[in-house]
J.: 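I am attaching a structure below and will ask some questions about it afterwards.
We name chains A, B, ... by the order of the sequence lines, and we start the count at 1 in each one.
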Protein chains: 2
Amino acid sequence: MADALAPEELNTYFALMESVSLLHHAVEQHLRAEGGLSYVQFQLLARLADAPERRLTMTELADGVVYSRSGLTHQAGLLEQAGLVTRGPSPHDQRATLVTITEAGLALVAKVLPGHIEVARRLLFDPLSDADLRSLGEIMTRVRDHMRAQPPRSAATRKRRAPGA
Amino acid sequence: MADALAPEELNTYFALMESVSLLHHAVEQHLRAEGGLSYVQFQLLARLADAPERRLTMTELADGVVYSRSGLTHQAGLLEQAGLVTRGPSPHDQRATLVTITEAGLALVAKVLPGHIEVARRLLFDPLSDADLRSLGEIMTRVRDHMRAQPPRSAATRKRRAPGA
DNA sequence: TATTGTTATACTCTATAACTATA
DNA sequence: TATAGTTATAGAGTATAACAATA
């Protein structure tokens with residue numbers, strides 16, 4: 001077990017968590033109002049839009065966005081129903097499903113992106129100097145890479161339920 | 001409408017969102033396993049534990065943690081059922097409800113905190129230098145204050161639903 | 001045997017609207 | 001009239017476990 005965090009660490013941690021919570025909430029509201037999308041759905045579409053041939057396998061698509069297979073199956077199903085992606089078998093691996101973004105999906109991402117960016121700028125970037133931005137980008141990129149490399153640590157102890165479960 | 005974000009801004013934004021998502025997920029898992037709490041519930045208890053007389057009104061308690069009144073009523077009800085808080089009328093304002101953390105609630109926060117901190121340190125602070133920590137803390141504190149001061153902007157356009165709604 | 005993905009199911013969280021009571 | 005809080009209800013998200021098919 002480790003020592004307690006210094007107060008500075010604790011304040012930093014809470015400021016980070018609260019800020020991103022507020023930002024996430026604002027972004028969700030915008031995406032929902034402007035494009036009928038959740039943030040997770042936006043992320044999935046954005047990843048597909050950036051992918052080499054505008055398509056990825058379910059497993060590739062899940063990475064970092066969703067934390068359970070079934071969750072992704074569910075979201076992919078919703079996006080498919082909405083005509084934003086298609087799903088088909090992979091020629092290379094018969095087990096895999098290839099998810100491809102449609103023209104409608106690309107159009108929706110394009111439609112929603114400017115406003116999304118506007119929200120991020122208003123909430124996150126407005127109070128930052130150029131130096132702050134460089135710092136923050138450098139730090140959070142390093143943190144993200146570190147976190148991605150962490151072993152899952154699938155719960156040190158047995159699971160319990162939250163009150164009310 | 002604003003210009004597109006510089007690529008550096010976009011990368012920073014995504015790195016921030018993904019990092020905190022991973023951190024949040026890890027923290028939730030820990031809290032659930034170790035104390036049977038969600039992160040929201042932990043936040044509520046932590047706020048009460050720090051409050052002047054270990055109690056706050058519902059409105060004070062909601063601030064920044066929860067985005068709807070009914071959501072807080074629900075969570076407070078769960079915590080009360082679990083014996084972690086009590087609710088009673090306020091002497092100063094008959095409309096208000098005072099939420100007080102119990103000894104069991106304080107004990108649970110104390111039990112859970114070291115491991116919580118350990119998770120935050122392992123994922124967030126390990127890859128950071130002291131200078132990084134100072135930078136990040138200073139920046140995120142400023143960002144949080146800025147966000148708190150933002151007007152709600154209750155959805156620029158009419159609401160729609162996500163696919164599948 | 002391990003991996004990919006789906007299905008069924010259950011539960012948690014959240015939000016909206018209608019309502020009560022007090023300021 | 002405005003504010004504090006609760007209730008009822010419905011919807012959206014997520015996770016677990018069991019399953020089918022392929023590597």
J.: So B:Glu18 and A:Arg148, do their side chains get closer than 4.5 Å, heavy atoms only?
T.: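 Of all side-chain heavy-atom pairs linking B:Glu18 with A:Arg148, at least one is under 4.5 Å.
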
J.: Rounded off to whole Å, could you give me the CD-to-C1' distance for the B:Gln75 and C:dC13 pair?
T.: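 Distance, rounded to whole Å: 7 Å.
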
J.: When you measure from the side chain of A:Asp93, which nucleotide among D:dT3, D:dG5, D:dA23 comes out closest?
T.: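 When the side chain of A:Asp93 is considered, D:dA23 is the closest of D:dT3, D:dG5, D:dA23.
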
J.: Tell me the interatomic distance from A:Gln29, atom CD, to C:dA15, atom P, rounded to whole angstroms.
T.: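 Going from CD in A:Gln29 over to P in C:dA15 covers 8 Å.
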
J.: Let me know the distance between CZ of B:Arg95 and C1' of D:dT1, rounded to the nearest Å.
T.: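 The distance from CZ of B:Arg95 to C1' of D:dT1 comes to 11 Å, rounded to the nearest Å.
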
J.: Need to verify one output field. Residue with the more 5' nearest nucleotide on DNA chain C, A:Thr59 or A:His25?
T.: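 Nearest nucleotide further toward 5': that of A:Thr59.
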
J.: Would you mind reading off the distance between B:Leu78 atom CG and D:dT6 atom C1', rounded to a whole angstrom?
T.: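 So the two atoms are 14 Å apart, to the nearest Å.
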
J.: A:Ala96 has a side chain; which of C:dA21, C:dT4, C:dT14 sits nearest to it?
T.: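 Of the candidates, C:dT4 comes closest.
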
J.: Roughly how far apart are B:Tyr39 OH and A:Ser21 OG, rounded to 0.5 Å?
T.: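 Rounded to the nearest 0.5 Å, the OH-OG separation comes out at 8.5 Å.
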
J.: Output yes when at least one side-chain N/O atom of A:Arg69 is less than 4.0 Å from OP1 or OP2 of C:dT4, else no.
T.: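 Answer yes for this pair, as a side-chain N or O of A:Arg69 is under 4.0 Å from OP1 or OP2.
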
J.: Using whole Å, what does the distance between atom P of nucleotide D:dG13 and atom CG of A:Leu44 come to?
T.: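 Roughly 11 Å, once rounded to whole Å.
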
J.: Mind calculating the distance between CD (B:Glu28) and P (D:dG13) to the nearest angstrom?
T.: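 Value for this atom pair: 17 Å.
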
J.: Mapping A:Ser70 and B:Ser70 to their closest nucleotides on DNA chain D, which lands nearer the 5' end?
T.: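 Taking each residue's closest nucleotide, the earlier one in sequence belongs to B:Ser70.
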
J.: With a 4.5 Å limit on heavy-atom distance, are the side chains of A:Leu72 and A:Leu61 in contact?
T.: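 Of all side-chain heavy-atom pairs linking A:Leu61 with A:Leu72, at least one is under 4.5 Å.
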
J.: Decide, yes or no, whether a salt bridge links B:Arg134 with A:Glu8 under the criterion of side-chain N to carboxylate O below 4.0 Å.
T.: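 Salt bridge: no.
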
J.: Measure from the side chain of B:Tyr67, starting at C-beta and using heavy atoms only, and say which of C:dA15, C:dC13, C:dG5 lies closest.
T.: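 The answer is C:dA15, which lies nearest to the side chain.
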
J.: Of the options D:dA15, C:dC13, D:dG13, whose atoms approach the side-chain atoms of B:Arg32 most closely?
T.: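 Closest nucleotide to the B:Arg32 side chain: C:dC13.
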
J.: Please determine, for the side chain of B:Gln94, which listed nucleotide (C:dT22, D:dG5, D:dT22) has the closest atom?
T.: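 Comparing C:dT22, D:dG5, D:dT22 against the side chain of B:Gln94, the answer is C:dT22.
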
J.: Between A:Arg87 and C:dG5, is there a side-chain N or O to OP1/OP2 distance below 4.0 Å?
T.: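 False: A:Arg87 side-chain N/O out of range (4.0 Å or more) of C:dG5 OP1/OP2.
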
J.: Just call it for B:Ser90: base, sugar-phosphate, or nothing, with non-hydrogen atoms closer than 4.0 Å on any strand.
T.: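 The answer is nothing, as B:Ser90 stays clear of every strand by at least 4.0 Å.
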
J.: Return the nearest nucleotide to the side chain of A:Thr73; candidates are C:dG5, D:dT14, D:dA4.
T.: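 Within the option list, the nearest is C:dG5.
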
J.: In whole angstroms, how far is the C1' atom of D:dT14 from the CG atom of A:Leu72?
T.: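 These atoms are roughly 12 Å apart.
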
J.: Grab the CE-C1' distance between B:Met58 and C:dT22 for me, whole Å please.
T.: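 About 16 Å, once rounded to whole Å.
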
J.: Before accepting this row, confirm whether a basic side-chain N of the pair B:Glu103/B:Arg54 lies closer than 4.0 Å to the acidic partner's carboxylate O.
T.: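 A salt bridge links B:Glu103 with B:Arg54.
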
